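Just so it is clear, the structure is predicted and the values come from calculations on it, not from any experiment.
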Amino acid sequence: MSAERRIALVRAPGDAWTAVDLDAAGDEVSRTTLGAGEAAAWVARTEAADAPRWILRSARDDYPFLLAAGVRLGRAHDLVLCHAILRDTASAARPLTASPRWVRTDPAETAPALFDLDDARAEGDAVAAVLAQYGEQRRVIAEADDGRLSLLCAAESAGGLIAEEMRAAGLPWDERVHDGILTETLGARPAAGGLPSRMVELGDEVRRLLGDATLHLDSQPKLLRALHRAGVPAESTGRWELAAYDHPVIAPLLSYKKLSRLLSANGWGWLAEWVREGRFRPVYIPGGVVTGRWASAGGGALQLPRSLRPAVRADPGWRLVVADVAQLEPRMLAAMARDEAMAETARGTDLYAGVVASGAVATREEAKYAVLGAMYGATTGDSGRLVPRLRRVYPQAMALVDAAARTGEDGGVVSTWLGRSSPAPSADWQELQARATGADADPALVAQARRRARDWGRFTRNFVVQGTAAEWSLIWLAEIRHRLRGFADAERPAPASGPFARASHLAFFLHDEVILHVPEEHADAAADAVRDAAAVATTRLFGTFPIDVRLDLRIADSADK
DNA sequence: AGAAGTTGCGCG
DNA sequence: AAAGCGCGCAACTTCT
């Protein structure tokens, strides 16, 4: 932190850039104006010489230009991402003043129009706005002063860089393997407009068994009426509901629905639209979920079905490092609550086995549903029935989530370990609660308010756990990236072009899982980097508290399990 | 005709 | 098999 050079890098319309050197107090030291043609080279030189922290309006808007020119940044402060955190955090005495100017532009919209429109007058205004906002953000971070917001903003900003780098690098994707899976599962690829052969056969069989030769299976209401006529009194066409009925049409119908889903979500159309040059390049949106988890836009990056994972293939001469965390969220809960009993349970690879060993429940499956129920707020069903047993064995951990739920039910705000705070409940919600507290309130209204209060309580209960897990993952990612940057270039470049053709890189991230794509000569070192990064993430968050965070990790040519 | 809402299912 | 949290997307139906 001490002698770190800080440079605000501001893009103006027309891809002219201004770089402003700041001193430790955040005041301007000097200013360099850069034309579009020279900006990337100047940034690359400065990065190589001083490794500064780059203050950007938004990595999403600003970084692709640099990546396209082959320039990678080491460290950043992303004003848009940090604005969202610092505006809402309960950790600050005087949080950031909310400003629409610093709100992320919608993924659907293009270009950072908001900012430019606002300040089209002069480039100087855009620079002044960036410097002023950075000053404000530094004030909020410094006032909180226990290091947590500072760590969170640094990690969030690193995430902003990583999201763009992963898009630029892409996930290596073998179109032939994908096509093979589709053909094997769905049947021969149809001529334009038609359905693949297996779907045609299954559809015909369903129609025959339902006695309706022209039934359109993709229409919920029509399908439901046909099922009723055939003697299946289902209330919906959902998978779980249908599976409960014993009728010859159920099996082919469920198969048809499964295939239909694969075709519409990740069929040949998806392949043509989203995979180019052997790379899947989704749009990641760091902090896109209120809890701090990432969201994605386009391509369904976070919903890739496991059945397609064999299509994730390393390039020749390269390897994948595939790692995911075993039961990240309950481990975070144990550490946040400083619950020694639960931490003891978490020692080892399988937390659920530990719960069984503690005597709380009899089987691993029960342990899983009990733990999930505890974090999600289950009250009924088998899961809800098991939660009280956990309360006896892990009173501290349960007290933490129970308190978060109560705060939410009362309309309060909860925060993650590093200080990302939950949104306040909506005006609607608050008004409903207010109306239901009157002495003469309608009992139906009171019941409805109570229900909505519990709904919000389940959200805040889960928020603290899911959000803290997102923070662990963010630090993990940043630490992995930091280590990979020290690796030498590949002896053999990947066939795909771009800034990562020779560089070990993160290729995919999904809440508690990463995939790295690395030259084979670095695969073992990359695996070590992933493990070391996990250990550092745990220590950064929880210091010496003895929480075990285990990875399942493998080096492979394919992401298939 | 197009927007908005609903359903169902993929992921963690 | 489990009913509890957070998402995105496609296809359908209903509303304007």
query = Among residues 389-422 of chain A, which contact DNA chain B at a heavy-atom distance under 4.0 Å?
reply =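 Contacts with DNA chain B under 4.0 Å: none.
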
Under a 3.5 Å cutoff, is there a donor and acceptor pairing between the side chains of [X] and [Y]?
X	Y	answer
Tyr352(A)	Glu366(A)	no
Tyr376(A)	Ser383(A)	no
Tyr394(A)	Thr345(A)	yes

inquiry  = Pairs counted only when both distances fall under 3.5 Å, Watson-Crick or G-U: show me the 5' to 3' dot-bracket for DNA chain C, [ ] for pseudoknotted crossings and | for other-strand partners.
reply    = ....||||||||||||

Salt-bridge contact [X]-[Y] (side-chain N to carboxylate O under 4.0 Å):
X	Y	value
Arg391(A)	Asp402(A)	yes
Asp350(A)	Arg550(A)	no
Asp179(A)	Arg176(A)	no
Glu409(A)	Arg451(A)	no

Ignoring hydrogens and angles, tell me if any N or O in the side chain of [X] forms a donor-acceptor pair with the backbone of [Y] under 3.5 Å.
X	Y	value
Arg279(A)	Ala169(A)	yes
Ser260(A)	Tyr256(A)	no
Arg483(A)	Glu479(A)	yes
Arg554(A)	Ala559(A)	yes

inquiry  = Under 4.0 Å, counting only non-hydrogen atoms across every strand here, what does Arg461(A) touch: a base, just sugar-phosphate, or nothing?
reply    =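 No contact.
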
ask   = Contact class for Leu304(A) vs. all strands (heavy atom < 4.0 Å): base, sugar-phosphate, or nothing?
value =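 Sugar-phosphate, no base atom in range.
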
ask   = With a 6.0 Å cut-off on ring centres, are Phe280(A) and Trp270(A) close enough?
value =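 Ring centroids of Phe280(A) and Trp270(A) are less than 6.0 Å from each other.
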
query = Can you name the residues that form a ring-ring contact (aromatic ring centres under 6.0 Å, His included) with His511(A), not counting sequence neighbours?
reply =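 With sequence neighbours excluded, His511(A) shows a ring-ring contact (aromatic ring centres under 6.0 Å, His included) to no residue whatsoever.
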
Take the protein atom [atom1] of [X] and the nucleotide atom [atom2] of [N], then report the distance between them rounded to whole Å.
X	N	atom1	atom2	result
Asn266(A)	dC9(B)	CG	P	15 Å
Ile515(A)	dG12(B)	CD1	C1'	14 Å
Arg309(A)	dG10(B)	CZ	P	16 Å
Gln220(A)	dT14(C)	CD	C1'	15 Å
Lys222(A)	dC12(C)	NZ	C1'	9 Å
Leu302(A)	dG12(B)	CG	P	10 Å
Leu254(A)	dG10(B)	CG	C1'	16 Å

ask   = Where does dG8(B) land, syn or anti, given syn is within 90° of 0?
value =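 What dG8(B) shows is an anti base, its glycosidic angle lying more than 90° from 0.
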
ask   = Mind checking whether Leu510(A) and Trp294(A) have side chains closer than 4.5 Å, heavy atoms only?
value =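 In short, these two side chains do not touch, never coming nearer than 4.5 Å.
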
query = So how far is it from Met398(A) CE to Leu390(A) CG, rounded to the nearest 0.5 Å?
reply =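 Rounded to the nearest 0.5 Å, the CE-CG separation comes to 6.0 Å.
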
Below 3.5 Å between N/O atoms, which protein atoms pair up with nucleotides 9-11 of chain C? Just atom names and distances, please.
from   : atom 1 : to        : atom 2 : distance (Å)
dC9(C) : OP1    : Gly298(A) : N      : 2.1

task = Test ring pair (Phe, Tyr, Trp, His ring centres under 6.0 Å) on Phe463(A) and Trp456(A) and set out the steps.
result = CA-CA 10 Å; Phe463(A) 183 96; Trp456(A) 195 251; 9.3 Å; no

ask   = How does protein reach along nucleotides 1-6 of chain C, written 5' to 3' as B (base within reach of a heavy atom under 4.0 Å), S (only sugar-phosphate), or - (no contact)?
value = BBBBBB

inquiry  = Of the options dG12(B), dG8(B), dT13(C), whose atoms approach the side-chain atoms of Lys257(A) most closely?
reply    =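 Between dG12(B), dG8(B), dT13(C), the one nearest the side chain of Lys257(A) would be dG8(B).
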
task = Residues of residues 153-183 of chain A with any non-hydrogen atom less than 4.0 angstrom from an atom of DNA chain C: list those, numerically ordered, please.
result =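 Residues of residues 153-183 of chain A under 4.0 Å from DNA chain C: none.
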
